[in-house]
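Every chain is numbered from 1 and lettered A, B, ... according to where its sequence line falls, protein lines coming before strand lines.
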Protein chains: 2
Amino acid sequence: MSLDHIILGLLREPLSGYELKTHFDKMISHFWAAEQSQIYRSLKKLEQEGMLNCAEASSSKGPTRKIYSLTAKGRAFLHQWLRDEPLIDKVRVNFVAQLCFMGDLEDPQQTLSFLEQLQLKQRQSLGMLKSIDYVFGQSNPNYPDSLPWRDYHFALTLDMGISALESRIEWCERTITRLKRRVAEENP
Amino acid sequence: MSLDHIILGLLREPLSGYELKTHFDKMISHFWAAEQSQIYRSLKKLEQEGMLNCAEASSSKGPTRKIYSLTAKGRAFLHQWLRDEPLIDKVRVNFVAQLCFMGDLEDPQQTLSFLEQLQLKQRQSLGMLKSIDYVFGQSNPNYPDSLPWRDYHFALTLDMGISALESRIEWCERTITRLKRRVAEENP
DNA sequence: TGTCACATGTAAGACGTTACATGATTTT
DNA sequence: AAAATCATGTAACGTCTTACATGTGACA
């Protein structure tokens, strides 16, 4: 399960469950979504399996925290996953499913407006990703090529996300144009 | 839940559970994966909810089949979903998660080989999608623009899938080149 | 007689979502 | 005193995966 592996990956420095959740939201959510309750459940399981150590630490803010860190077994498990072949997911893309059956409505304006809304949403996602990328690339003259090896890989994931969104936005643009032409030709 | 909606969408003609599964594999799997056991479970639930009618039919081949068809309620439920705004999924992309932490291995050859394998897999997926698209576009002079409205929407989903894969393959190509240059510069 | 394609289902467990519960510290 | 942030968790429910169970008809 990749959630487990991602948690192990983030624990290159010891973190609490709460900190893991903030890392997910800030750095990971563009390619992996996780709920807080899932994270706590996985941490418990990984500790039971001997992948993680847990140390209680009183915090200056709020109640005591549990700080998790990698064991040798956890690191080995992570590295094995990193050396696996690229894992291709089963796809489940809601908006493509909607588009697939939207012909049933026999309503070109609906399809057009759907594609325009989709494009807008993707533009908003792109904006957010680009701002993360901008912050990450700040103060770095030759971003991302001169980054340290680990940060470089993170930058690659941002770049892939940006590239995928740009491609989808362009597809929307082409398809909206094509649809408008078809509608115009059928209603002369 | 989109699986329910997709099943309703496929039932524009009455089908058995088995036929639904073959439709999924042939036409739907490039944007939605479903296991056979999920389909039977959903069919049972949708029938209980009054979205589907069920008729038993003896087949010339094999045991008796259950043929499902849409009720008015099911059609209304489907159409409401089609008029919803574009539903954006929570992302979970395994290979990006792997890439994100692959810097830990400190092994440029591993990253390079990972990207090459990824590119190859995406090329294979692209080949399969293009062959579906080719068959679907056969005997149609002005494919896809002159297709009937419903088929046209299906063709759009193929086109989106092809476009996304091509974009990802190009990203792999660019990134492999960039990585090789970095490795060469660091090992002169 | 074996195996392939047809055909329908159940069971157990893993994973994911949503809502709720609890409580400390800091800020307004 | 109220609200925001820090911090950790549980409960209930729903979905998905994997494996298994059952049986027919056609064909080699």
Side-chain angles (χ1 to χ4, degrees), chain A residues 1-8 10-11 14-26 28-29 31-49 51-52 54-68 77 81 87-94 97, chain B residues 1-8 10 14-26 28-29 31-49 52 54-68 87-94 97:
Chain A
M1 222 265 294
S2 281
L3 175 57
D4 291 353
H5 292 103
I6 294 170
I7 288 173
L8 297 174
L10 286 171
L11 288 175
L15 297 169
S16 69
Y18 188 85
E19 288 169 318
L20 274 167
K21 174 58 176 159
T22 61
H23 277 61
F24 259 92
D25 293 343
K26 282 182 189 161
I28 308 294
S29 60
F31 63 82
W32 202 277
E35 298 297 326
Q36 178 227 36
S37 60
Q38 279 179 273
I39 292 172
Y40 283 111
R41 192 209 282 156
S42 277
L43 283 171
K44 191 192 269 182
K45 196 194 67 177
L46 289 168
E47 194 193 353
Q48 282 169 1
E49 291 171 345
M51 304 287 186
L52 296 180
C54 176
E56 301 225 344
S58 56
S59 165
S60 59
K61 295 181 177 184
T64 53
R65 304 186 299 162
K66 292 184 179 177
I67 306 295
Y68 292 92
F77 186 65
W81 175 70
L87 299 168
I88 307 297
D89 307 87
K90 303 203 171 165
V91 281
R92 286 194 177 97
V93 191
N94 271 290
Chain B
M1 225 265 292
S2 281
L3 174 58
D4 291 352
H5 291 103
I6 294 170
I7 288 174
L8 296 175
L10 285 172
L15 296 170
S16 70
Y18 189 84
E19 289 170 316
L20 274 168
K21 174 58 177 157
T22 61
H23 277 62
F24 260 91
D25 293 343
K26 283 182 190 160
I28 308 294
S29 59
F31 63 82
W32 201 278
E35 299 296 327
Q36 178 227 36
S37 60
Q38 278 179 276
I39 292 172
Y40 283 110
R41 197 213 309 135
S42 278
L43 283 171
K44 189 194 269 184
K45 196 194 67 176
L46 288 168
E47 194 193 353
Q48 282 170 0
E49 292 171 345
L52 296 180
C54 176
E56 301 223 345
S58 57
S59 166
S60 59
K61 296 182 177 183
T64 52
R65 304 184 299 162
K66 292 184 180 177
I67 307 294
Y68 292 92
L87 299 168
I88 307 296
D89 307 86
K90 303 203 172 167
V91 281
R92 286 191 177 96
V93 190
N94 269 291

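The CD1-P distance, from A:Ile67 to D:dC6, rounds to 15 Å in whole Å. Between the P atom of C:dC6 and the NE2 atom of B:His23 lies a distance of 13 Å, rounded to the nearest Å. Note: CG (B:Leu20) to C1' (C:dG9) measures 15 Å, nearest angstrom. Going from atom CD1 of B:Ile39 over to atom P of D:dT17 covers 11 Å, rounded to whole Å. The CZ atom of B:Phe24 sits 10 Å away from the P atom of D:dC16 (whole-angstrom rounding). Following rounding to the nearest Å, B:Leu15 (CG) and C:dC6 (P) show an atom-to-atom distance of 15 Å. Here C:dT8 presents its P atom at 9 Å from CG of B:Leu43, a figure rounded to the nearest Å. Look at CD on A:Glu19: it is 17 Å from P on D:dT5, rounded to the nearest Å.
B:Phe24 meets the side chain to side chain contact (heavy atoms under 4.5 Å, CB included) test with B:Leu3, B:Ile6, B:Ile7, B:Leu10, B:Ile28, B:Trp32, B:Ala34, B:Ile39; sequence neighbours excluded. With sequence neighbours excluded, the residues that form a side chain to side chain donor-acceptor pair (under 3.5 Å) with A:Lys21 are A:Asp25. Every side chain to side chain contact (heavy atoms under 4.5 Å, CB included) that A:Lys90 has, sequence neighbours left out, goes to B:Ala33, B:Glu35. By the side chain to side chain contact (heavy atoms under 4.5 Å, CB included) test, B:Leu87 pairs with A:Asn94, A:Gln98, B:Trp81, sequence neighbours left out. Every residue two or more places apart in sequence or in another chain that forms a side chain to side chain contact (heavy atoms under 4.5 Å, CB included) with B:Gln48 is listed here: B:Lys44.
Regarding contacts with the backbone of D:dG14, every side-chain N or O of B:Lys45 stays at 4.0 angstrom or more from both OP1 and OP2. For A:Tyr18 and D:dT8, the shortest distance from a side-chain N or O to OP1 or OP2 is not below 4.0 Å. Residue B:Tyr40 has a polar side-chain atom (N or O) positioned under 4.0 Å from OP1 or OP2 of C:dT8.
Nearest to the side-chain atoms of A:Lys66 among the listed nucleotides C:dT8, D:dC6, D:dG9 stands D:dG9.
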Under-3.5 Å N/O pairs linking protein and nucleotides 16-18 of chain C:
{"residue": "C:dG16", "atom": "OP2", "partner": "A:Gln38", "partner atom": "NE2", "Å": "2.6"}
{"residue": "C:dG16", "atom": "O5'", "partner": "A:Gln38", "partner atom": "NE2", "Å": "3.3"}
{"residue": "C:dG16", "atom": "N7", "partner": "A:Arg41", "partner atom": "NH1", "Å": "3.1"}
{"residue": "C:dG16", "atom": "N7", "partner": "A:Arg41", "partner atom": "NH2", "Å": "2.9"}
{"residue": "C:dG16", "atom": "O6", "partner": "A:Arg41", "partner atom": "NH2", "Å": "3.0"}
{"residue": "C:dT17", "atom": "OP2", "partner": "B:Arg92", "partner atom": "NH2", "Å": "2.8"}
{"residue": "C:dT18", "atom": "O4", "partner": "A:Ser37", "partner atom": "OG", "Å": "2.8"}

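A:Lys21 comes within 4.0 angstrom of no nucleic acid atom, judged by non-hydrogen atoms across all strands.
Side chains of B:Leu8 and B:Leu46 form a contact here, defined as non-hydrogen atoms less than 4.5 Å apart. In this structure, B:Ser16 and B:Lys66 have side chains that are not in contact, with every pair of non-hydrogen atoms separated by 4.5 Å or more.
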